[in-house]
Amino acid sequence: MKVTDTALPGVKLIEPKVFGDARGFFYESYHAGKFRDAGIVRDFVQTNVSRSSGGVLRGLHYQWPNPQGKLVSVLEGEVYDVAVDIRRGSPTFGRWVGVMLTGDNHRHLWIPEGYAHGFCVVSEHALFTYQCTALYDAAADAAIRWNDAALAIDWPVAAPNLSPKDAQAPFLAEVPAERLPVFAP
């Protein structure tokens, strides 16, 4: 497996070794020892799968308190996946990274606790999977507006299909400080 650090501390692009032939392919999507060697030492307690149509944008989501780290990947289709540093006091606060995750490239993105996460579907549909380090906590569920000008995320869709929650999410500057994670060096 190849692990590449991104411009955000702790956010990593993971490319598993894929074994394939005319019959199909095989790869390890998670291996505790290899992830530990890459500096990702977490217990995953919940796995989610979502299917979305082309043009759907989900995010930017996070939990606080009770944050979730997420290991995300695409089983079918293509998404543009984004992580945003929203940790108060972080030297990279408000910065983001985006990567293409597809059913063909088999990449994973590791998004540690303290980051907001979102993705938009750029294929006809996408089957997306998340492995989470904490259980979903409705009281801690939060979001930031996908098109916050202060973040200036370069989404590949201009008019995405949004849930009411995502369409009405606050801009990062509007989120009360106590509702944001805290940077811990």
Side-chain angles (χ1 to χ4, degrees), residues 3-14 29-32 34-50 52 56-74 79-99 101 107-120 126 128-148 150-153 155 162-185:
V3 179
T4 305
D5 291 326
T6 68
L8 294 179
V11 177
K12 298 176 184 287
L13 182 63
I14 299 160
S29 65
Y30 176 75
H31 183 289
K34 291 176 183 176
F35 273 63
R36 183 175 43 255
D37 292 346
I40 303 169
V41 182
R42 301 294 199 287
D43 290 326
F44 295 104
V45 298
Q46 181 174 327
T47 301
N48 304 320
V49 176
S50 70
S52 302
V56 167
L57 190 147
R58 298 185 186 273
L60 301 159
H61 301 153
Y62 68 99
Q63 285 190 180
W64 188 256
N66 194 23
Q68 290 180 313
K70 296 177 182 175
L71 179 64
V72 301
S73 63
V74 172
V79 309
Y80 185 68
D81 199 78
V82 172
V84 181
D85 188 348
I86 58 168
R87 301 168 300 158
R88 288 181 288 138
S90 169
T92 56
F93 181 81
R95 288 174 151 170
W96 61 276
V97 295
V99 298
L101 301 177
R107 292 174 164 175
H108 297 59
L109 189 65
W110 165 245
I111 304 157
E113 297 84 351
Y115 290 81
H117 170 255
F119 67 90
C120 71
F128 194 85
T129 182
Y130 319 60
Q131 287 184 237
C132 304
T133 61
L135 297 175
Y136 174 72
D137 181 350
D141 187 41
I144 296 166
R145 186 84 54 90
W146 71 279
N147 62 347
D148 187 330
L151 300 176
I153 297 171
W155 294 104
L162 302 166
S163 70
K165 169 189 163 183
D166 292 343
Q168 298 167 11
F171 295 110
L172 182 56
E174 298 171 341
V175 177
E178 67 274 8
R179 290 291 292 151
L180 291 173
V182 178
F183 175 67

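Only this structure's heavy atoms are used, side chains among them; waters, hydrogens and symmetry mates stay out.
- A donor-acceptor pair under 3.5 Å is formed between the side chain of Thr133 and the backbone N or O of Gly69.
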Using distance only, find each side-chain donor-acceptor pair of residues 5-12 under 3.5 Å and give its atom names and separation, not counting sequence neighbours.
unit_1 : atom_1 : unit_2 : atom_2 : d
Asp5   : OD1    : Lys12  : NZ     : 2.7
Thr6   : OG1    : Leu8   : N      : 3.2
Thr6   : OG1    : Leu8   : O      : 3.3
Thr6   : OG1    : Val11  : O      : 2.9

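- Identified under the salt bridge (Lys or Arg N to Asp or Glu O under 4.0 Å) test for residues 130-146, with sequence neighbours left out: Asp141-Lys165.
- A distance of 7.0 Å separates CG of Leu71 from CD1 of Ile40, quoted to the nearest 0.5 Å.
- Listed for the Trp110 side chain is no donor-acceptor partner under 3.5 Å among the backbone atoms of Val3.
- Every residue two or more places apart in sequence or in another chain that forms a side chain to side chain contact (heavy atoms under 4.5 Å, CB included) with Val49 is listed here: Leu127, Thr129.
- When every heavy atom of Ala143 is checked against every heavy atom of Asp166, the shortest pair comes out as CB-OD1, 4.4 Å.
- Residue pairs meeting the salt bridge (Lys or Arg N to Asp or Glu O under 4.0 Å) criterion with at least one partner in residues 80-95, sequence neighbours excluded, are Asp85-Arg87.
- Legend: residues meeting salt bridge (Lys or Arg N to Asp or Glu O under 4.0 Å) with Arg58, ordered by chain and number and at least two apart, are absent.
- The ring pair (Phe, Tyr, Trp, His ring centres under 6.0 Å) search around Phe119 returns Phe128, not counting sequence neighbours.
- Two residues are said to be in side-chain contact when any heavy atoms from C-beta on lie closer than 4.5 Å; Lys70 and Pro112 fail this criterion.
- In this structure, Leu135 CG and Asn66 CG are separated by 7.5 Å, a value rounded to the nearest 0.5 Å.
- Among residues two or more places apart in sequence or in another chain, the side chain to side chain donor-acceptor pair (under 3.5 Å) test is passed with Gln63 by none.
- With contacts defined as side-chain heavy-atom distances shorter than 4.5 Å, the pair Leu151/Val84 qualifies.
- Side-chain atoms of Trp64 come within 3.5 Å of backbone atoms of Leu180 as a donor-acceptor pair (strictly under, hydrogens ignored).
- Rounded to the nearest 0.5 Å, atoms OH (Tyr62) and CD1 (Ile111) are 15.0 Å apart.
- For the atom pair Tyr130 OH and Ser50 OG, the distance stands at 4.0 Å (nearest 0.5 Å).
- Screening residues 171-185 for salt bridge (Lys or Arg N to Asp or Glu O under 4.0 Å), with sequence neighbours left out, gives no hits.
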Checklist line | Chi angles and distances behind the side-chain contact (heavy atoms from CB on, under 4.5 Å) call for Val82, Trp155 | finding: CA-CA 9 Å; Val82 172; Trp155 294 104; 3.6 Å; yes
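- For Phe35, the ring pair (Phe, Tyr, Trp, His ring centres under 6.0 Å) partners two or more places apart in sequence, or in a different chain, are Tyr30.
- From Asp43, atom CG reaches atom CD of Gln131 across 11.5 Å, with rounding to the nearest 0.5 Å.
- With sequence neighbours left out, Ala126 forms a side chain to side chain contact (heavy atoms under 4.5 Å, CB included) with Val79, Val121, Ser123.
- Proximity of a side-chain donor or acceptor of Gln68 to a complementary backbone N or O of Ala134 within less than 3.5 Å is detected.
- Residues Tyr115 and Pro67 fail the side-chain proximity criterion, which asks for heavy atoms closer than 4.5 Å.
- Looking only at side-chain heavy atoms (C-beta outward), Arg107 and Ser73 stay at 4.5 Å or farther from each other.
- Here Arg42 contributes atom CZ and Cys132 contributes atom SG; the two are 12.5 Å apart, rounded to the nearest 0.5 Å.
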